[in-house]
**Q** 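Input: one structure, supplied below.
Both counts, for ligands and for their atoms, begin at 1 and track the order of listing. Residue numbers run from 1 in the order of the sequence given.
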Amino acid sequence: MRETDVNTGLLIGGKRVEGAEGERIAVLNPATGEPITDIAAGTPKDASRAVDAAAAAQRGWAETAPRVRSEILRAAWQTMVDHTEELAGLIVSEHGKPLADAKGEVAYAAEFFRWNAEETVRIAGSLGTSPSGDKRIIVHHPPMGVVVMVTPWNFPAAMITRKLAPALGAGNAVVIKPPRETPLTALRIGELLEDVGLPPGLVNIVATSGSGAWFDAAVDNAHTRMVSFTGSTEVGRVLLRRCADRVLKTVMELGGNAPFIVFNDADLPSAVEGAMVAKMRHSAETCTAANRFYAESGIAPEFTAALAEAMGAVKVGDGFDESVTCGPMINARAIEDIDGLVRGAVAAGADAVIGGAPVEGPGFFYQPTVLAQVDHGSPIAREEIFGPVAPIIPFDDADAMIDQANDTEMGLTGYVYTQDLARGLRVSERIHAGMIGLNRGAVSDPAAPFGGMKQSGLGREGAGEGIYEFCETQYIATNW
Ligand code: SIN
C-alpha cells in the first residue's frame, strides 16, 4: 500500500466537498484486495449540481482565445510529464498494472493534452457560396457546452484525458464520473489542472456508488448537451437509450473482440512479439486486446509453441515489483468471468497449453494462458475476455477465416501478420474494425482516430476529428 495525499472529496465548482449524503467508498488495491483509502461518493443531486457549476464556468471559457486554452492544455501536458512517478504510483496502487505500463500510460495520457493543445488553435470552419450565388455560407464550430464523461478503470488517466483535452480545447466544461475502482488518478489530474491555472468549475469530478441514478440526474439536467462514454457495449446501450430521451450527442467507445490473424508467411518472432503486445499490454485489460488468434495451419503449431513460451515468461504479481509484467485483474468478479470462459473452452475440447487457472490470492491474479484448438463458436471466441488468455483457432481457408473474424457484433480492432504487404492491406480492408494493426501489435496513438465500427462504438477520439466531436456545427447564411 502507498499513502496518497490526493484530496478525496468531490470536485464541484472548484471546491472540494463531501457528497450530499456524506457517503464514502473504499478504493481497493487489486494486488492485495485491501483498501488503500476511501473517497467521497456523490448522489444524483451532486451530479446535477456539478452540471450547473460546469454550465456557469463554460460561458466565459468558450469566449477565451483558442491560444489561451491551448496554452493551458500544453501546461497540463508538461505537469503530467513532470508528475509521472507520482501518477504512475497512483495507477499501480488502484489498478495494479506493472509500473512500466503505468508510466507508459501517463505519457500516453499526457500526450492527449499536447496533441489537443495543437488542435485547439486549428479548429477550422469554412466559407462558401451557394450554387445559385444567392448567399455566402459561413460554417463554424462552437463548443457543445457541458459534456458528461463516464470513464473506465482500465486506463485511469488516459481514458479521461483522451476526452477531457479535446473537450476543454473546444471550449466546453465537463463533469466526470470516474470509475469507483480507480478514482484517485482522476482526482489528482483534477488538482494538476487547477495548478496550471484552469479556471474553477470547468472540470468537475463526482464519483458515485450509484451509477444509474447519478447518470439519470446528469442527463436530465437541461445544461447537459453531450455524453462521452468508454466502457462495455452492454452499458453503452443503456446509456444511449437514456441519452435519446434528451437527444444528446454521444461519443461511445465500447467493447472489442479483436481477431489477430497470422498467415503462414508471417515473420514468426515479430508475430509473437506483436501478439504479446496486443494481448498483454496493461495486464490484458484493454478493449483493443487481441481476443481470438487465427493462425494458418502451416504456422499454427510453431506460433502456438512460441506464444506459449512467451506467455510462460510473463511474471505475474504486484505491479510495484519492477520484474512483474502482468499485474492483478481488477476484482474477484473479473477472475470468475475469465475462469468461466477458460473452463468452458476446455470443456468443449480446447487444449490449455499453458496456464488455465486463477492464481491463489491474496489479490486477483490469473495465470497467463494459451488455449489451442479452440472452436470459433466457443464463448471464449465470442465474448471479450479482458484477461491474459490467448485462444488459438487454426485455419486453412482465408476467406472462411475472414468471415469468422467478422462474425461478431464488435468491430473495434483487428491485427494481421503477413510479409505480403498487398495481402495484408487487402485483408485489413475486409476486417470490419475501426482500427487495424498490420504487422503491429499496438494501434493506439493520440494522433490517430480511435474508435470502433458496429457495436464497438460511435464517433472517434484523438486525431484531427477528435476535437470536432466536442463541437457543434453552425452555418450562417449571409450576403455582403
Ligand atoms: C481501452 O482499452 O479502452 C483503450 C485502449 C487504448 O487506448 O489503447
Side-chain angles (χ1 to χ4, degrees), residues 80 91 95-98 100-116 149-166 176-179 181-182 185-186 189 228-236 239 250-258 260 274-291 326-327 329-330 334 337-338 383-389 410-415 433-437 440-463 465-466 469:
M80 280 193 78
I91 291 171
H95 175 278
K97 66 181 70 177
D101 279 349
K103 287 182 187 168
E105 180 182 344
V106 176
Y108 178 44
E111 190 57 30
F112 286 106
F113 281 120
R114 182 162 64 167
W115 173 263
N116 284 288
M149 299 179 170
V150 178
T151 61
W153 48 260
N154 62 339
F155 284 81
M159 293 307 100
I160 289 179
T161 59
R162 189 159 74 190
K163 301 176 186 306
L164 180 58
I176 301 170
K177 186 186 88 56
E181 294 86 352
T182 61
T185 309
I189 290 172
S228 178
F229 170 69
T230 296
S232 71
T233 297
E234 194 186 351
V235 174
L239 302 193
T250 58
V251 169
M252 295 270 148
E253 297 298 349
L254 307 178
N257 179 6
F260 187 106
M276 289 301 290
V277 173
K279 180 74 249 178
M280 296 300 289
R281 69 187 263 276
H282 301 272
S283 300
E285 294 175 308
T286 68
C287 57
T288 51
N291 211 55
C326 181
M329 302 296 99
I330 194 69
D337 290 348
I338 296 164
E383 288 175 31
E384 200 171 15
I385 304 168
F386 241 66
V389 180
M410 304 304 163
L412 189 63
T413 323
Y415 303 90
M435 299 175 285
I436 304 287
R440 277 194 59 84
V443 293
S444 307
D445 191 307
F450 189 102
M453 296 181 181
K454 302 196 278 187
Q455 295 194 34
S456 284
L458 297 169
R460 292 294 181 269
E461 292 184 331
E465 57 249 66
E469 297 280 6

**Q** Evaluate the side chain to side chain donor-acceptor pair (under 3.5 Å) criterion for residues Glu105 and His95: first the C-alpha distance (whole Å), next the side-chain angles of each, then the deciding distance (0.1 Å), finally the verdict.
**A** CA-CA 12 Å; Glu105 180 182 344; His95 175 278; over 6 Å; no
**Q** Side chain to side chain contact (heavy atoms under 4.5 Å, CB included) for Asn257 and Glu384? Distances and angles first, verdict last.
**A** CA-CA 6 Å; Asn257 179 6; Glu384 200 171 15; 5.8 Å; no
**Q** Have a look at ligand 1 and work out which part of Arg162, if any, has a heavy atom under 4.0 Å from it: side chain, backbone, both or neither.
**A**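 It is the side chain that touches ligand 1; the backbone stays farther off.
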**Q** Parallel, tilted or perpendicular, judged at 30° and 60°: which one describes the rings of Phe386 and Trp153?
**A**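 Geometry flag for Trp153 against Phe386: perpendicular rings.
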**Q** Would you mind listing which atoms of ligand 1 come within a distance below 4.0 Å of any non-hydrogen atom of Met159?
**A**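 Those of ligand 1 that fall under 4.0 Å from Met159 are 3 (O), 4 (C), 7 (O).
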**Q** Is there at least one pair of N or O atoms, one from Arg281 and one from ligand 1, spaced under 3.5 Å apart?
**A**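 Looking only at distances, the answer is yes, because the N/O contact criterion of under 3.5 Å is met.
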**Q** Mind running side chain to side chain donor-acceptor pair (under 3.5 Å) on Arg162 and Thr151 for me, showing each step along the way?
**A** CA-CA 10 Å; Arg162 189 159 74 190; Thr151 61; over 6 Å; no
**Q** Looking only at non-hydrogen atoms, which of Gly457, Ser444, Pro446 approaches atom 8 (O) of ligand 1 most closely?
**A**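 That would be Ser444.
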**Q** For atom 5 (C) of ligand 1, what is the closest protein heavy atom, and at what distance to 0.1 Å?
**A**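 It is Phe155 CE1, 3.6 Å.
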**Q** Specify side chain, backbone, both or neither for Glu285, according to which of its non-hydrogen atoms lie closer than 4.0 Å to ligand 1.
**A**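 Near ligand 1, Glu285 shows nothing, with every heavy atom at 4.0 Å or more.
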**Q** Within this structure, what is the CD1-CD distance for the pair Ile338 and Glu285, rounded to the nearest 0.5 Å?
**A**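 Answer for the CD1-CD pair, Ile338 versus Glu285, is 7.0 Å.
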**Q** Would you verify whether the NZ or CZ of Lys163 falls within 45 degrees of the ring axis of Phe112 while also being under 6.0 Å from that six-membered ring's centre?
**A**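 Not flagged: Lys163 not positioned over aromatic ring of Phe112.
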**Q** Determine whether the side chain, the backbone, both or neither of Asn154 has a heavy atom under 4.0 Å from any heavy atom of ligand 1.
**A**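 Under 4.0 Å from ligand 1, Asn154 contributes side-chain atoms alone.
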**Q** Give the contacting part of Cys287 toward ligand 1: side chain, backbone, both or neither, where contact means a heavy-atom distance below 4.0 Å.
**A**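 Within the 4.0 Å criterion, Cys287 contacts ligand 1 through backbone and side-chain atoms alike.
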**Q** Output the list of atoms in ligand 1 that are nearer than 4.0 Å to some heavy atom of Thr286, sorted by atom number.
**A**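 It comes down to these atoms of ligand 1: 2 (O).
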**Q** I need the atoms of ligand 1 closer than 4.0 Å to a non-hydrogen atom of Tyr108, numbered in the order shown.
**A**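 By the 4.0 Å cutoff, the relevant atoms are 6 (C), 7 (O), 8 (O).
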**Q** So with a 6.0 Å cut-off around CD of Glu465, is the heavy-atom count from everything else above 12?
**A**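 Buried by this count: over 12 neighbours within 6.0 Å.
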